[in-house]
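Keep in mind the model is a prediction, meaning the values are calculated, not measured. Residues take their numbers from the sequence shown, with the count starting at 1.
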Amino acid sequence: MLSRLMSGSSRSLEREYSCTVRLLDDSEYTCTIQRDAKGQYLFDLLCHHLNLLEKDYFGIRFVDPDKQRHWLEFTKSVVKQLRSQPPFTMCFRVKFYPADPAALKEEITRYLVFLQIKRDLYHGRLLCKTSDAALLAAYILQAEIGDYDPGKHPEGYSSKFQFFPKHSEKLERKIAEIHKTELSGQTPATSELNFLRKAQTLETYGVDPHPCKDVSGNAAFLAFTPFGFVVLQGNKRVHFIKWNEVTKLKFEGKTFYLYVSQKEEKKIILTYFAPTPEACKHLWKCGIENQAFYNGRVAKEVMESSAKIKREPPEIHRAGMVPSRSCPSITHGPRLSSVPRTRRRAVHISIMEGLESLRDSAHSTPVRASSHGDTFLPHARSGRADSNERVAVIADEAYSPADSVLPTPVAEHSLELMLLSRQINGATCSIEEEKESEASTPTAAELEALGGELRALCQGHGRPEEEQVNKFVLSVLRLLLVTMGLLFVLLLLLIILTESDLDIAFFRDIRQTPEFEQFHYQYFCPLRRWFACKIRSVVSLLIDT
C-alpha cells in the first residue's frame with residue numbers, strides 16, 4: 001500500500017502540463033512543463049526561443065479564474081499560481097519599460113519593446129496629438145512595409161492598416177504623406193528606433209492603467225511609468241509623482257494609499273479604491289515592483305549588464321504588417337466597404353472594447369472616425385445610429401484606459417465582467433458586445449445596487465486617518481486581552497504543578513515558603529473540598545436517576 005501511494009505521488013509530480021504563451025508579434029509559443037516547474041523555468045524557455053538576453057524588462061502575464069490579472073512570479077510554481085485547468089494560456093509582455101529604449105544594447109530587445117509600444121498605441125494606452133500620431137504610424141509603416149512604392153501602394157493604402165482605436169481620413173492622408181516624403185530609405189531598425197525615441201517623450205509612455213475611484217467617487221486610473229506614479233482622469237494627467245518622492249505604498253482591502261514627501265517637508269497621502277481586494281493587491285504589488293526597479297540601483301545595474309553583452313547580433317524575424325482586412329478579425333459592425341462613402345465618417349467599429357480581452361491581437365478591421373480637435377482621443381462611446389443598421393455613431397469622449405484593463409487572454413465569457421465594470425464606470429458597450437452577453441448581463445437593478453455599494457464604499461472611506469486610529473486601538477485591546485489570558489493560564493498551570501506530587505527542587509522550594517503554606521491552607525484546600533463536594537453530589541444525582 002505504501003509503495004502504491006508513493007508511486008502515485010511520484011506520477012503526479014512528474015505530470016506534464018501544456019502551456020501556450022502569446023508573444024508580442026501575435027505568434028504563439030507552446031511547451032510542456034512539469035507540475036513543480038517554477039516561473040523562471042518557463043521564462044527562460046521563452047527567452048531562449050526569442051534569443052533574448054536583455055530579459056529584465058519583460059514578464060509573463062496571466063488572468064486567474066476570478067478574472068484578476070497577475071504577473072507570473074518566477075520563484076513560485078507555475079501550476080499553483082494559475083489555479084486553472086490546463087492547457088494554460090499566458091502572454092509575454094514588457095513589464096518594466098526602459099527609461100531610454102534607444103539605449104538598449106541589442107536590436108532584438110528594441111524590436112520587442114517596439115512591438116509592445118505599438119500595441120499600447122493601438123489599444124489606447126499611449127496618448128498623443130494628431131501630429132504625433134501620424135508620425136508614429138508612419139514609422140510603423142516604414143518599418144513593416146518599407147519604402148513607398150506607387151506600384152504596390154495605391155491611393156489610400158494607409159487606410160488598410162489599423163494603428164489606433166479610431167482615426168480620420170485626414171489622419172490617414174497625413175500618415176501616407178509622411179511615409180512617402182520623409183522616411184524613404186530608412187531601414188526597419190532605424191524606423192523602430194525613431195519610433196521609440198518619439199514614444200518615450202509622451203506623458204503616457206509605459207502606462208498600464210489600473211481602474212480605481214478617488215475619495216469623491218470619481219473614476220480614475222493609476223499607473224506606473226519609468227519616471228514615477230501617475231493618476232489619469234479623463235484624458236488628463238492629474239497627478240505625477242516622481243519615484244524619489246514616493247515614501248510608502250500601502251493597501252488595506254480595497255483601499256490603496258500612496259505616501260508622498262515633496263519639497264519643503266510637504267507630505268501628502270493619496271487614497272484610492274480599487275474594484276476588489278485582489279485588484280488592490282495587484283495594484284500595490286505592481287507599484288512596489290516598479291519602485292524597486294526604477295528608484296533603486298536595479299535599472300542602472302540592468303543597463304550595465306546589457307553593456308557587457310558581446311555576441312553576434314541575432315537574426316530578427318520581423319512580422320511584416322498585414323492589411324487588417326486580409327487577416328482574421330473580430331468585427332463589431334458592418335465592414336466599411338459596405339457603407340456608402342458619404343456615411344463613413346459616422347461609422348465606428350468598436351474594436352478596443354472587447355478585442356484585447358478576447359484576442360489580444362494587434363490588427364483588426366480598419367475603422368475611421370471624424371477627428372475632434374488636435375488631441376488624439378483613443379476611445380469613443382458607441383450607440384445606435386439607425387434602427388435598421390448596426391452602426392455606431394461617434395461621440396466626443398475622453399481617454400478611458402478601462403478598455404485595456406484585461407490585455408491578456410481571457411475566455412469569451414469574460415465579456416460579462418467587462419460589461420459590468422464599464423457600466424459601473426459610466427461607459428457604454430458596443431452593440432455586438434451587448435448582443436453576445438445579453439443572456440448573462442446583470443439587470444439594471446443589480447447594476448444600480450452594485451453602483452450604490454461602490455458609492456457607499458467611497459463615502460465610508462472618506463476619512464482614512466480616523467479608521468487607522470480605530471484599528472490601532474482595537475489591535476492594542478486585542479493584544480492586552482490575549483496577554484492577560486496567557487498569564488492567567490500560566491498561573492493556573494503553576495499552581496497545579498506546585499500542588500502536585502512532583503519531586504522537583506524548584507517546586508519543593510516554593511512549597512516550603514510561608515506564603516505558599518498560607519495559600520495552601522486558607523484557599524487551595526477549601527476550594528478543593530468544595531469542588532470535591534460538588535462532584536460527589538453530581539455523581540450521586542446521576543446514579544439516582
Engineer: Go through the steps to decide whether Ile268 and Tyr259 satisfy the test side-chain contact (heavy atoms from CB on, under 4.5 Å), and finish with yes or no.
Structural biologist: CA-CA 6 Å; Ile268 304 172; Tyr259 293 77; over 6 Å; no
Engineer: Hey, mind stepping through His239 and Val230 against side-chain contact (heavy atoms from CB on, under 4.5 Å) and telling me if it holds?
Structural biologist: CA-CA 5 Å; His239 286 294; Val230 298; over 6 Å; no
Engineer: Can you tell me if Gln68 uses its side chain to pair, donor with acceptor, with the backbone of Val63 under 3.5 Å?
Structural biologist: no
Engineer: If you define the side chain from C-beta out and look only at heavy atoms, does anything of Val260 sit under 4.5 Å from Ile269?
Structural biologist: no
Engineer: What is the distance from atom CD of Gln81 to atom CG of Asp64, rounded to the nearest 0.5 Å?
Structural biologist: 11.0 Å
Engineer: Centre-to-centre under 6.0 Å for Phe224 and Phe229, is that the case here?
Structural biologist: yes
Engineer: Of Lys95, Arg61, Arg125, Arg93, which is the lone residue that meets side chain to side chain donor-acceptor pair (under 3.5 Å) with Asp208?
Structural biologist: Arg61
Engineer: Quick check: closest heavy atoms across Phe92 and Leu24, and the distance to 0.1 Å?
Structural biologist: O-CG, 3.6 Å
Engineer: Do other residues, nucleotides or ligands put more than 12 heavy atoms under 6.0 Å from Glu304 CD?
Structural biologist: yes
Engineer: Quiz question: by atom type and distance under 3.5 Å, do the side chains of Asp214 and Gln233 form a donor-acceptor pair?
Structural biologist: yes
Engineer: Kindly indicate whether a cation-pi arrangement holds for Lys213 with Phe273, taking the cut-offs as under 6.0 Å to the six-membered ring centre and within 45° of the axis.
Structural biologist: no
Engineer: Any salt bridge between Glu73 and Lys285, counting N to O under 4.0 Å?
Structural biologist: yes
Engineer: Please find the pair of heavy atoms, one from Leu494 and one from Phe506, that lie closest to each other, and give the distance.
Structural biologist: CD1-CE2, 4.4 Å
Engineer: Are the side chain of Thr483 and the backbone of Leu479 linked by a donor-acceptor contact shorter than 3.5 Å?
Structural biologist: yes
Engineer: Is the side chain of Ser216 donor-acceptor paired with the backbone N or O of Asn218 at a distance under 3.5 Å, no angle test?
Structural biologist: no
Engineer: Is it the case that the side chains of Tyr97 and Asp120 hold a donor-acceptor pair, with the cut-off being a distance below 3.5 Å and no angle test?
Structural biologist: yes
Engineer: Is the side chain of Ser500 donor-acceptor paired with the backbone N or O of Leu497 at a distance under 3.5 Å, no angle test?
Structural biologist: yes
Engineer: Hey, what do you get for CD1 (Ile288) to NZ (Lys248), rounding to the nearest 0.5 Å?
Structural biologist: 10.0 Å
Engineer: Under the 3.5 angstrom rule, does the side chain of Glu54 hit a backbone N or O of Leu104 as a donor-acceptor pair?
Structural biologist: no
Engineer: So which atom in Pro211 and which in Pro209 form the shortest heavy-atom distance, rounded to 0.1 Å?
Structural biologist: CD-O, 4.0 Å
Engineer: Working note: Leu46 + Leu23, criterion side-chain contact (heavy atoms from CB on, under 4.5 Å); need CA distance, chi angles, decisive distance, verdict.
Structural biologist: CA-CA 9 Å; Leu46 278 171; Leu23 306 179; 3.8 Å; yes
Engineer: With a sphere of 6.0 Å drawn around OH of Tyr523, does it hold more than 12 non-hydrogen atoms of other residues, nucleotides or ligands?
Structural biologist: no
Engineer: Are Val231 and Phe221 side-chain neighbours, meaning at least one heavy-atom pair lies under 4.5 Å?
Structural biologist: no
Engineer: Val246 versus Leu258: any side-chain heavy-atom pair under 4.5 Å?
Structural biologist: yes
Engineer: Determine the interplanar angle of the His210 and His282 rings, folded into 0 to 90°, and report it as parallel if under 30°, tilted if 30 to 60°, perpendicular if over 60°.
Structural biologist: tilted
Engineer: Have Glu28 and Thr20 got a donor and an acceptor in their side chains that come within less than 3.5 Å?
Structural biologist: no
Engineer: Under a 4.5 Å cut-off applied to non-hydrogen side-chain atoms, are Thr255 and Tyr272 in contact?
Structural biologist: no
Engineer: With a 4.5 Å heavy-atom cut-off, do Thr89 and Arg22 have their side chains touching?
Structural biologist: yes
Engineer: With a 4.5 Å heavy-atom cut-off, do Tyr17 and Thr32 have their side chains touching?
Structural biologist: no
Engineer: Just so I know, are the side chains of Phe62 and Leu72 near enough to count as touching, which here means a heavy-atom distance under 4.5 Å?
Structural biologist: yes
Engineer: Side chain of Trp71, backbone of Cys286: donor and acceptor closer than 3.5 Å?
Structural biologist: no
Engineer: Return the minimal non-hydrogen interatomic distance between Gly287 and Leu249, and the atom names on each side.
Structural biologist: C-CD1, 3.4 Å
Engineer: Would Asp36 and Lys76 count as a salt bridge (charged side-chain N to carboxylate O under 4.0 Å, His left out) here? Give the steps.
Structural biologist: CA-CA 9 Å; Asp36 59 347; Lys76 296 182 180 179; over 6 Å; no
Engineer: Minimum heavy-atom separation for Gly253 to Cys280, with atom names?
Structural biologist: O-CB, 3.3 Å
Engineer: Would you confirm whether Gln116, through its side chain, and Val94, through its main-chain N or O, come within 3.5 Å as a donor-acceptor pair?
Structural biologist: yes
Engineer: Can you tell me if NZ on Lys281 sees more than 12 non-hydrogen neighbours from other groups inside 6.0 Å?
Structural biologist: no
Engineer: Looking at CZ of Phe531 and CZ of Arg536, how far apart are the two atoms once the value is rounded to the nearest 0.5 Å?
Structural biologist: 13.5 Å
Engineer: Hey, do the aromatic rings of Phe43 and Phe74 have their centres closer than 6.0 Å?
Structural biologist: yes
Engineer: Nearest 0.5 Å, what's the OG-CG distance between Ser475 and Leu480?
Structural biologist: 9.5 Å
Engineer: Output, in order, the C-alpha distance, side-chain angles, deciding distance and verdict of side-chain contact (heavy atoms from CB on, under 4.5 Å) for Phe293 and Tyr57.
Structural biologist: CA-CA 10 Å; Phe293 187 88; Tyr57 302 102; 4.0 Å; yes
Engineer: Between Arg528 and Glu499, does any side-chain N to carboxylate O distance fall below 4.0 Å?
Structural biologist: no
Engineer: So, Phe256 versus Phe251, ring centres under 6.0 angstrom or not?
Structural biologist: no
Engineer: Assess whether atom NZ of Lys242 is packed by more than 12 heavy atoms of other residues, nucleotides or ligands within 6.0 Å.
Structural biologist: no
Engineer: Do Gln34 and Glu16 get their side chains close enough for a donor-acceptor pair, meaning under 3.5 Å?
Structural biologist: yes
Engineer: How many angstroms lie between atom CG of Leu493 and atom OG1 of Thr498, to the nearest 0.5 angstrom?
Structural biologist: 9.0 Å
Engineer: Between atom CD of Glu278 and atom CG of Leu283, what is the distance when rounded to the nearest 0.5 Å?
Structural biologist: 13.0 Å
Engineer: At their closest point, which heavy atom of Ser84 faces which heavy atom of Pro65, and how far apart are they?
Structural biologist: CB-CG, 4.0 Å
Engineer: Cation over ring, Arg119 on Tyr122, under 6.0 Å and within 45°?
Structural biologist: no
Engineer: Is it the case that the side chain of Ser306 and the backbone of Val302 share a donor-acceptor pair, with hydrogens and angles ignored and the cut-off at 3.5 Å?
Structural biologist: yes
Engineer: Main chain of Thr247, side chain of Ser261: is a donor-acceptor contact present, judged purely on distance under 3.5 Å?
Structural biologist: no
Engineer: Quick one: does any side-chain atom of Thr204 pair with a main-chain N or O of Val207 as donor and acceptor, under 3.5 Å?
Structural biologist: no
Engineer: Please tell me if the side chains of Ile117 and Tyr205 come closer than 4.5 Å, counting only heavy atoms from C-beta onward.
Structural biologist: yes
